[in-house]
Structure formats: C-alpha cells, structure tokens
Amino acid sequence: MWVAAFAGVALAVLRERPTVDIDPGIFISIFGALGDGHRLYVDILDNKDPLFFYTGAIVSSIFGARGLFLLDAALIVCAAVLAALIARERRLGPVATAATGIIAAGLMTHPLTYISGMTQLLAMVLLLGAVYAGLRGAMAVGGALAAAAVLSKLPMLVFVPALLAFALALRGPTRTLRSVWSFLGVTALVLAVMAVRGELVSYWEAISVNLGYTGRALEVFGSSPAPRGTLSFVWRQFTEPALLLPALWTAGAGLLATRVLARRWRASGPVAAAQAYPTAVLTLGALISLAIYVSASAFFAHHLQVFALAAIPASVFLFEEAPTSWLSRSVLPVVLAMIALWGLPADLTRIDDVAARWEPLESDVAALVEASIGPLTTDDPVPYAVAGETAEEAIVWFLDAPYAFSCRFILQQPWFHGDHFDEHLSCIEREPTVVVSMEPSPVYVAGSSSYADYWRRLDALLSGRFTLVGEGENDRGYVRVWVRDPP
C-alpha cells in the first residue's frame with residue numbers, strides 16, 4: 001500500500017505541470033467566477049459538467065489558482081491507493097497489490113495522454129472508489145460515488161453498466177438495488193440544487209453542445225465522421241509502443257475473461273459464472289464501455305486517459321488468474337508496472353524544474369488588459385467580455401474588481417451552436433466596456449462556417465464600436481484589448 005502511495009506522490013511531483021494555458025485556464029477562470037457569485041451555465045458557460053466545477057471552485061477558494069493542480073496531484077495519489085486497495089480486497093499478494101497501484105498512477109499520468117488539470121481524472125478516481133466500495137459491501141456509497149463521477153464527467157455514464165454488472169456479480173440483485181437508489185438519489189439531489197440556483201435549464205445547453213461536439217470538431221479538423229474518424233485517431237495513438245503494450249495486456253485480459261466466463265457459463269449457467277469471476281465481469285464491462293467512449297468522443301490525446309479504467313481491472317484479473325508459482329505471481333506484476341511507468345527516465349531528467357512549475361501562476365492576458373487600460377479609479381463595475389480563446393489564460397480569475405465579467409461565454413470555438421455566436425455578438429454590442437479578443441486558429445475560420453461568420457461579424461463590431469488600446473502576442477496567439485467608444 002505504501003509503495004502505491006509513494007508511486008502516486010512521485011508521479012504527481014514529476015508529471016504535474018500547472019498552467020493557465022489551454023483548458024485549465026478556462027476552468028480556473030470559471031472557478032473564479034463561481035467564487036464571485038456567478039451561476040454556472042447561466043452567467044458563465046462551458047460545456048463541462050457541474051460537480052467538476054463545484055469541486056474546483058471549493059478547492060480554489062482555499063488554495064487559490066493552483067488549487068486545480070493540487071487537486072489533480074491528490075487525485076493521482078488517490079488513484080494509486082484505491083487501485084492497490086482493490087487488489088488487496090481481491091486477495092492479491094503484496095507485489096501484485098503494489099504493482100496495481102503503480103499501474104493506476106502510471107497510466108493515469110501517461111506522457112501521451114495526461115494533461116494537468118483536465119476533467120477526466122476526478123471522475124475516474126470516483127469510479128475507482130465505487131469499485132472499492134462495492135468490494136467492501138458499501139453499496140450505497142458505491143452508488144453515490146458513481147453518480148458523482150457521472151455528474152463530474154457525463155460521458156462516464158457509459159461505465160455505469162459495467163459497475164452495475166460487477167455489483168450484481170458480487171452482491172446479487174437485492175444489495176445492488178441499494179447502489180441504484182443511491183445513484184438516483186445523489187443525482188436527484190445535485191439536479192435539485194442546480195434547479196434552486198437556476199442552473200438546471202441552462203445545463204442543457206452544455207449537454208447539447210457536447211452532443212454535437214465530436215461531429216463538429218471532426219468536421220473542422222477535416223476528419224471522417226464518428227466512429228470512423230475517432231477510431232482512426234485511436235488507432236494512430238495506440239501504434240505508439242508506450243500505449244500499445246498496455247493495450248495488448250488489457251486486450252489479453254479481456255480474451256481470458258471471455259474464456260473463463262464462457263467455460264463456467266457452459267458448466268453452471270450465467271449467474272454462477274459471474275459470481276465465480278466478478279473481476280472478469282468488470283474487465284469485460286470496462287472494455288466494452290471504453291470502446292463506446294472512444295468511438296463516440298476521442299479525438300484529442302487526453303481523451304484516451306480513460307484507457308486506465310479498463311487497464312486497472314484487467315491487470316487485477318490477470319494477477320488473479322496467474323499460475324500460483326512465485327515466478328508468475330511476482331514477475332508478471334513487476335513487468336506490467338514497469339511498462340506502465342513508460343517515460344519515467346525522461347521525467348527524471350526534468351526533475352530540476354519541478355520547483356519552478358509551482359511558482360505563482362500569472363496571466364499574460366490579464367496583465368495586458370491592466371497595462372492597456374491603466375489604473376481604474378471607479379468603484380462601479382467595469383464590464384468586460386472575452387472573444388476567442390482568451391479565457392485559456394484564466395483572465396476571469398486574475399482580473400480584480402472593479403472589472404466584472406459579462407456575456408457569459410468564457411470562449412468561443414467552432415463546435416458551439418450558431419445561436420450561441422448570435423447571443424455573444426448581441427451581448428458585446430450591448431454590455432461590455434472592455435473586450436479582449438484573441439485571434440482564432442486559421443483552420444477554424446476557413447471557409448463559410450458559422451464560426452467564420454461569427455469572427456467576421458465580431459471584427460466589424462469591434463472596429464466600428466470600440467477603440468483598440470492594447471495588443472500583444474503570447475503562446476496562444478495575438479491578443480487585442482478594445483474599449484467601447486463614447487456614445
């Protein structure tokens with residue numbers, strides 16, 4: 001257990017890279033807005049799910065802008081410990097138990113799929129917690145954790161049937177029903193809180209964006225529609241040896257699980273087969289869920305982080321079914337753990353910059369705004385809006401009062417709906433005194449898409465109603481600061 005915890009801590013230290021760039025900057029901005037009293041989806045909109053934002057806002061209110069990355073580091077350690085606890089509950093030996101924890105931490109922070117501060121990790125750890133709760137017989141706790149996972153990352157819903165089958169195999173229908181009621185109760189409670197806060201109806205907007213997200217993104221990138229486009233991407237990623245080797249042992253575990261379940265099924269029936277091999281049921285269920293998940297939504301490398309949710313039970317099952325000799329029970333876990341730690345030598349060569357990664361976070365864009373506008377002497381709120389990918393610099397978090405975020409869109413990307421673009425332009429025409437715009441990627445505005453049309457209309461609006469007072473360039477692109485002309 002301590003070996004797994006140490007592995008989690010070590011990998012969190014080596015691979016965690018706090019940044020206000022890319023998606024974490026969006027999330028940090030939203031945490032700041034929630035802390036200022038804005039309502040999720042109503043006053044500030046993103047296509048991610050509520051419990052991730054609520055959790056991040058609470059953590060960030062305590063630890064500041066780096067709270068997201070401290071949460072990430074804690075989750076990596078929790079993943080390692082939970083995986084080791086799952087292995088121990090399945091009565092694996094100390095070597096296999098430690099190896100399972102190392103595999104969990106290694107694959108969840110895999111160099112090819114891990115980006116600090118993304119949304120999957122919280123939901124993945126909650127699902128591991130649900131598995132452990134089921135093994136311990138705490139069915140209501142398991143159902144609650146599964147509900148929290150889904151409300152943190154809605155696509156994780158595809159893994160719930162695998163958890164349900166696992167619970168049925170372990171505890172039977174009567175006790176599994178407790179987890180179902182708990183799942184429904186926690187879901188209803190969170191949705192009721194959102195309804196009271198006025199967020200529930202607007203949450204559907206985030207869901208509707210996600211329903212068309214993959215298709216529109218693949219179209220923008222010139223890929224085939226899903227599932228062909230997504231599976232083509234997954235195939236390219238898994239030709240890398242660093243992912244291919246874990247994929248081979250996971251697929252091998254799936255074939256072995258199919259074999260042992262089929263053999264027992266023929267001899268004793270499906271119920272007896274599932275009860276005899278619950279880890280096999282979980283392994284097959286997780287593999288099927290993973291296939292659905294990636295075929296529907298995987299087109300960025302970090303989407304494949306969820307592969308760990310299939311690899312962890314697959315590893316436990318392989319260790320369970322390994323021959324009883326010392327060689328099989330010890331060497332196999334060590335080999336798989338070493339494969340999961342792919343990239344560790346490269347991590348160790350960068351150990352000197354670990355301390356520098358945790359220096360105070362700053363936003364280049366927020367600094368540009370303050371330098372361009374100069375000191376504000378008014379106590380009245382100065383509304384501002386962002387356009388493009390500006391929020392990926394966490395501008396909302398770092399701009400202090402009397403600046404006040406308006407127009408609710410934290411960023412605009414091609415996979416948003418056309419009516420969202422219309423709403424944003426209408427708000428910019430009406431509300432903000434200051435607008436911060438960042439030039440979009442040329443591939444996003446090529447052709448005659450609704451997104452390209454939005455940018456043409458935005459350029460005309462800014463040029464006609466606002467004065468350019470500052471501009472600069474950072475890693476994300478060219479940034480401009482505009483101030484509304486006097487009436």
**Complete:** Residue set satisfying side chain to side chain donor-acceptor pair (under 3.5 Å) with Asp352, at least two apart, ordered chain then number -> none

**Prompt:** In Å, rounded to the nearest 0.5 Å, how long is the span from CZ of Phe307 to CG of Leu243?
**Reply:** 7.0 Å

**Item:** Which residues share a salt bridge (charged side-chain N to carboxylate O under 4.0 Å, His left out) with Asp400, sequence neighbours left out
**Value:** none

**Prompt:** Would you call Phe405 and Val386 a side-chain contact if the rule is heavy atoms closer than 4.5 Å?
**Reply:** yes

**Item:** Heavy-atom closest contact (Leu245 atom, Ile339 atom, distance)
**Value:** CB-CG2, 3.7 Å

**Fill in**
Of all heavy-atom pairs linking Phe69 and Pro24, the shortest is CZ-CB, 3.8 Å

**Prompt:** Quick one: do the Asp46 and Tyr41 side chains pair a donor with an acceptor below 3.5 Å?
**Reply:** no

**Request:** For residues Asp453 and Arg456, determine if any side-chain heavy atom of one lies less than 4.5 Å from a side-chain heavy atom of the other.
**Result:** yes

**Asked** Taking C-beta and beyond as the side chain, do Leu290 and Leu309 meet within less than 4.5 Å on heavy atoms?
**Response** no

**Request:** Determine whether the side chains of Lys153 and Thr119 contain a donor N or O and an acceptor N or O closer than 3.5 Å.
**Result:** yes

Output side-chain donor-acceptor pairs under 3.5 Å for residues 180-188, partner residues at least two apart or in another chain, one line each.
{"unit_1": "Ser182", "atom_1": "OG", "unit_2": "Ala140", "atom_2": "O", "d": "2.5"}
{"unit_1": "Ser182", "atom_1": "OG", "unit_2": "Ala144", "atom_2": "N", "d": "3.1"}
{"unit_1": "Thr187", "atom_1": "OG1", "unit_2": "Phe183", "atom_2": "O", "d": "2.8"}

**Message:** Working to the nearest 0.5 angstrom, can you tell me the gap between Ser289 OG and Leu127 CG?
**Reply:** 9.5 Å

**Asked** Quick one: CG on Asp364 to CZ on Phe398, what's the gap to the nearest 0.5 Å?
**Response** 10.0 Å

**Request:** With rounding to the nearest 0.5 Å, note down the distance linking CG in Asp21 to CD1 in Ile28.
**Result:** 10.5 Å

**Item:** Under 3.5 Å donor-acceptor, Thr239 side chain and Arg236 backbone
**Value:** yes

**Listed once per pair and sorted, the side-chain hydrogen bond (donor to acceptor under 3.5 Å, both in side chains) pairs that draw on residues 8-17, sequence neighbours left out** = Arg15-Thr109, Arg15-Asp347, Glu16-Tyr114, Glu16-Ser116

**Prompt:** In terms of heavy-atom contacts, does CZ of Arg465 have more than 12 from other residues, nucleotides or ligands at under 6.0 Å?
**Reply:** no

**Criterion ring-ring contact (aromatic ring centres under 6.0 Å, His included) on Phe233 and Phe300, from CA distance to verdict** = CA-CA 8 Å; Phe233 168 78; Phe300 288 130; 7.8 Å; no

**Item:** Sequence-distant partners of Glu205, salt bridge (charged side-chain N to carboxylate O under 4.0 Å, His left out), two or more places apart
**Value:** Arg408

**Heavy-atom side-chain proximity of Ile373 to Val382 below 4.5 angstrom** = no

**Output field: ring centroids Phe27/Phe52 closer than 6.0 Å** = yes

**Prompt:** Is any side-chain heavy atom of Leu468 closer than 4.5 Å to a side-chain heavy atom of Val481?
**Reply:** no

**Message:** Tell me if a side-chain donor or acceptor on Tyr293 pairs with a main-chain N or O of His303 at a distance below 3.5 Å.
**Reply:** no

**Request:** For the pair Ser60 (side chain) and Ala57 (backbone), establish whether a donor and an acceptor sit closer than 3.5 Å, ignoring hydrogens and angles.
**Result:** no

**Request:** Report yes if the side chains of Val435 and Tyr384 come closer than 4.5 Å at any heavy-atom pair, otherwise no.
**Result:** no

**Prompt:** Roughly how far, to the nearest 0.5 Å, is the OG atom of Ser437 from the CD atom of Gln412?
**Reply:** 10.0 Å

**Request:** List the atom of Gly101, the atom of Ala83, and the distance in Å for their closest heavy-atom pair.
**Result:** CA-CB, 4.1 Å

**Asked** Can a donor-acceptor pair be found between the side chains of Arg228 and Ser232 at a distance below 3.5 Å?
**Response** no

**Message:** Tell me if a side-chain donor or acceptor on Arg357 pairs with a main-chain N or O of Thr19 at a distance below 3.5 Å.
**Reply:** no

**Asked** Is it the case that Thr467 and Trp482 place a side-chain donor and acceptor less than 3.5 Å from each other?
**Response** no

**Message:** With a 3.5 Å distance limit and no angle check, can you tell me whether Asn47 reaches the backbone of Ala206 through a side-chain donor-acceptor pair?
**Reply:** no

**Asked** Taking only residues at least two apart or on different chains, which pairs with a member in residues 29-41 satisfy salt bridge (Lys or Arg N to Asp or Glu O under 4.0 Å)?
**Response** Arg39-Asp43

**Residue pair Pro402 / Pro381, side-chain heavy-atom distance below 4.5 Å** = no

**Prompt:** Is the side chain of Ser61 donor-acceptor paired with the backbone N or O of Ile58 at a distance under 3.5 Å, no angle test?
**Reply:** yes

**Fill in**
Heavy-atom nearest pair, Ala340 first then Ile103, reads CB-CA, 3.7 Å

**Request:** Please report the C-alpha distance between Phe421 and His424 in whole Å, then the side-chain angles of each, then the deciding distance to 0.1 Å, and finally whether the ring-ring contact (aromatic ring centres under 6.0 Å, His included) criterion is met.
**Result:** CA-CA 5 Å; Phe421 300 142; His424 191 244; 8.7 Å; no

**Prompt:** Can a donor-acceptor pair be found between the side chains of Glu471 and Tyr478 at a distance below 3.5 Å?
**Reply:** yes

**Prompt:** Are any side-chain N or O atoms of Ser29 and backbone N or O atoms of Ile395, one a donor and one an acceptor, separated by less than 3.5 Å?
**Reply:** yes

**Item:** Side-chain touch Leu45/Leu40, heavy atoms, less than 4.5 angstrom
**Value:** no

**Request:** Check for a donor-acceptor pair, side chain of Arg66 on one end and backbone N or O of Pro18 on the other, with a separation under 3.5 Å.
**Result:** no

**Request:** Give a yes or no on whether the backbone of Leu154 and the side-chain of Asp49 come within a donor-acceptor separation of less than 3.5 Å.
**Result:** yes

**Item:** Value rounded to 0.5 Å, distance of CD in Gln305 from CD in Gln120
**Value:** 5.0 Å

